[in-house]
Amino acid sequence: MSRKRPGDDLLDGPRGRRVCLSLLTSAHDSLWQLAFHAARSPADGELTRALTRAITEADVADPGLTDETALLDALEVSTNAARYWQGPDDLDALLTSPQLRSALGPVAHQIGESASVAWWSSPIALDSQRYVQWTDESPLEPPALSGAADRLDRWRTNELSDERRAARRPKAVDASFSGEWWSTPALARLTTTSRSRPDLGAISLRLTEDALSYGRANVWPLRPAGGCRIYEITEPTAWTKLVARYPMDVSLSRRHDWWQATGHDGSWSIPDWAAVSSDFDAVHLTVTGYLTTAGRALPVGNSASVLAGWAPDQTYWLGDVLESAGDPVEWRLEDRRSKHGRWSRGIPDSP
């Protein structure tokens, strides 16, 4: 059995494979064109073979390929391409090819061995947590720092009601029907945070699934209480263990969407987040955990689960353990027309 190299696990998940391809296509325009046409014509074996050859022959030794900026750009592309309410996009579908996955191996190894990704697998950065409030159409509104238990109780009630109502949905798994597709407590209105990075107020400014085209945000510094109980999702087994420990059956409500997203039909489970909150104050998803876990139908006993709707480095706070650590700062997207908009610090707002 061959020994695994750093970065090999990126090839296991659709988000990780997309990061690898995005790094190459951003550096080689002709490769981007070839990937675009191959994805649009998946039955054209010659195009897929040509893309495989081009990836294999591409120079991956350039240090600029895996610097902080290039990697964040690739993460943004991959995160924006995630979708769990319909089938994978053309490129994600194409990258399930064993030949292409193998060809991307050297890129994955370069990523895994880069010093720029050290923080991708690190636990929550407790001293630099930031809450993002999009303000294009909203007034200044502080993050909710209390009432998490009540929100989670309402979330559980709504989820169980939705599962009962889903019994009336079409029986055919391929029926044109969509409903709730998140495996997070996204509709509970809990506070979520991500870390700040050099020249970026919060990772969530750039890495948000199913993101809207916002261009202004207030970024609030928050401080967790000492001794917080935090669960880390670092890899697929960390997710499936959480689901197995606090299971909630969502087989009917997620069936149509997650079959579209993964091709798997069967029982589905997510964590009962209200139950999780009895043992943990927060759950943090590392970047590596996201890239290797999100979008996959992962077995959990006789059921399966999908990590869906959770962004890289995002933390869901399940308990009232946060406090303000300063005034919010406005951040603005400089050029919405560019492929990778750059965010810059604006004038601090008053709370």
Side-chain angles (χ1 to χ4, degrees), residues 9-22 35 39-40 42 75-98 100-101 104 159 162-163 165-166 169-187 207-212 233 235-240 242-244 247-271 273 285 287-312 314 316:
D9 53 355
L10 294 178
L11 302 176
D12 295 334
R15 308 279 44 87
R17 293 192 291 269
R18 190 63 169 265
V19 162
C20 294
L21 181 66
S22 296
R40 294 288 298 271
L75 279 171
E76 185 176 32
V77 170
S78 182
T79 305
N80 286 343
R83 56 193 198 184
Y84 312 97
W85 56 94
Q86 61 189 78
D89 74 7
D90 293 340
L91 273 174
D92 277 358
L94 184 69
L95 292 179
T96 61
S97 159
L100 286 171
R101 289 178 59 174
L104 288 171
E159 283 291 329
D162 188 54
E163 183 67 11
R165 290 192 299 270
R169 295 177 184 177
K171 300 300 182 184
V173 69
D174 59 351
S176 180
F177 191 91
S178 181
E180 289 190 20
W181 49 265
W182 303 269
S183 53
T184 67
L187 303 184
L207 305 183
T208 300
E209 288 192 341
D210 196 27
L212 300 176
I233 303 174
E235 59 182 353
T237 55
W239 172 251
T240 56
L242 187 69
V243 179
M248 174 180 282
D249 184 3
V250 291
S251 301
L252 300 177
S253 57
R254 302 303 194 273
R255 181 175 182 237
H256 296 88
D257 287 311
W258 285 0
W259 175 80
Q260 289 267 15
T262 69
H264 173 79
D265 184 25
S267 299
W268 293 107
S269 300
I270 63 172
W273 294 107
L285 174 65
V287 175
T288 300
Y290 173 80
L291 295 176
T292 57
T293 307
R296 302 172 63 186
L298 298 167
V300 183
N302 294 324
S303 185
S305 187
V306 178
L307 180 68
W310 201 319
Q314 186 179 30
Y316 272 87

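Only heavy atoms go into these numbers, but all of them, side chains included; no hydrogens, no water, no symmetry mates. Residue numbers start at 1 and run along the sequence shown. This one's a predicted model, so the numbers in the text were calculated from it and none came from an experiment.
Ala294 approaches Tyr84 most closely through the heavy-atom pair CB-OH, 3.8 Å. Between Ala311 and Leu285, the closest heavy-atom pair is O-CD2, 3.6 Å. Scanning both residues, Ala297 and Trp268, for their nearest heavy atoms gives CB-CH2, 3.8 Å. Taking each heavy atom of Leu11 and Arg17 in turn, the nearest pair found is O-NH1, 2.8 Å. Of all heavy-atom pairs between Thr293 and Pro236, the closest is OG1-N, 3.1 Å. When all heavy atoms of Ser269 and Trp258 are compared, the closest pair comes out as O-CZ3, 4.4 Å.
A salt bridge does not link Arg83 to Asp89: none of the charged nitrogens lies less than 4.0 Å from a carboxylate oxygen. Under a 4.0 Å N-O distance rule, the pair Glu163/Arg255 does not qualify as a salt bridge. Taking a cutoff of 4.0 Å between a charged side-chain nitrogen and a carboxylate oxygen, Asp12 and Arg101 qualify as a salt bridge.
A donor-acceptor pair under 3.5 Å is absent between the side-chain atoms of Ser97 and the main chain of Leu94, judged by distance alone. Not a single donor-acceptor pair under 3.5 Å links the side chain of Trp239 to the backbone N or O of Tyr290. Listed for the Thr240 side chain is a donor-acceptor partner under 3.5 Å among the backbone atoms of Thr237. With hydrogens and angles ignored, the 3.5 Å screen pairs no side-chain donor or acceptor of Thr79 with any backbone N or O of Thr208. Judged purely by atom type and a 3.5 angstrom limit, Trp181 has no side-chain atom pairing as donor or acceptor with the backbone of Arg254. With hydrogens and angles disregarded, a donor-acceptor distance shorter than 3.5 Å links the side chain of His256 to the backbone of Pro170. With hydrogens and angles ignored, the 3.5 Å screen pairs no side-chain donor or acceptor of Arg18 with any backbone N or O of Leu291.
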Leu242 vs Trp273, side-chain contact (heavy atoms from CB on, under 4.5 Å): CA-CA, chis, key distance, verdict: CA-CA 10 Å; Leu242 187 69; Trp273 294 107; 3.8 Å; yes

Show your working on ring pair (Phe, Tyr, Trp, His ring centres under 6.0 Å) between Tyr316 and Trp310 and close with a plain yes or no. CA-CA 9 Å; Tyr316 272 87; Trp310 201 319; 5.1 Å; yes

Quick one, Arg169 with Asp162, criterion salt bridge (charged side-chain N to carboxylate O under 4.0 Å, His left out). Give me CA distance, side-chain angles, the key distance, then yes/no. CA-CA 11 Å; Arg169 295 177 184 177; Asp162 188 54; 3.2 Å; yes

Start with the C-alpha distance between Arg15 and Glu209, add both sets of side-chain angles, then the distance that settles salt bridge (charged side-chain N to carboxylate O under 4.0 Å, His left out), and finish with yes or no. CA-CA 11 Å; Arg15 308 279 44 87; Glu209 288 192 341; 5.5 Å; no

Passes side-chain contact (heavy atoms from CB on, under 4.5 Å), Val306 versus Leu298? Steps please. CA-CA 6 Å; Val306 178; Leu298 298 167; over 6 Å; no

Tell me, with the steps shown, if Val19 and Leu10 meet side-chain contact (heavy atoms from CB on, under 4.5 Å). CA-CA 8 Å; Val19 162; Leu10 294 178; 5.7 Å; no

Arg296 vs Leu307, test: side-chain contact (heavy atoms from CB on, under 4.5 Å). Steps then yes/no. CA-CA 7 Å; Arg296 302 172 63 186; Leu307 180 68; over 6 Å; no

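A 4.5 Å side-chain heavy-atom check between Ser253 and Val250 finds at least one atom pair inside the cut-off. Residues Arg40 and Asp90 are in side-chain contact: their nearest non-hydrogen atoms beyond the backbone lie under 4.5 Å apart. No side-chain heavy atom of Ile270 sits under 4.5 Å from any side-chain heavy atom of Val243.
Taking OG of Ser22 as the reference point, atom CG of Asn80 lies at 10.0 Å (rounded to 0.5 Å). Here CD of Glu159 is found 11.5 Å from CG of Asp249. Values are rounded to the nearest 0.5 Å.
At a cut-off of 3.5 Å, with distance as the only test, no side-chain donor of Ser303 or Ser267 sits close to an acceptor on the other residue.
Annotation: Asp174, atom CG; neighbour count of heavy atoms from other residues, nucleotides and ligands within 6.0 Å is above 12.
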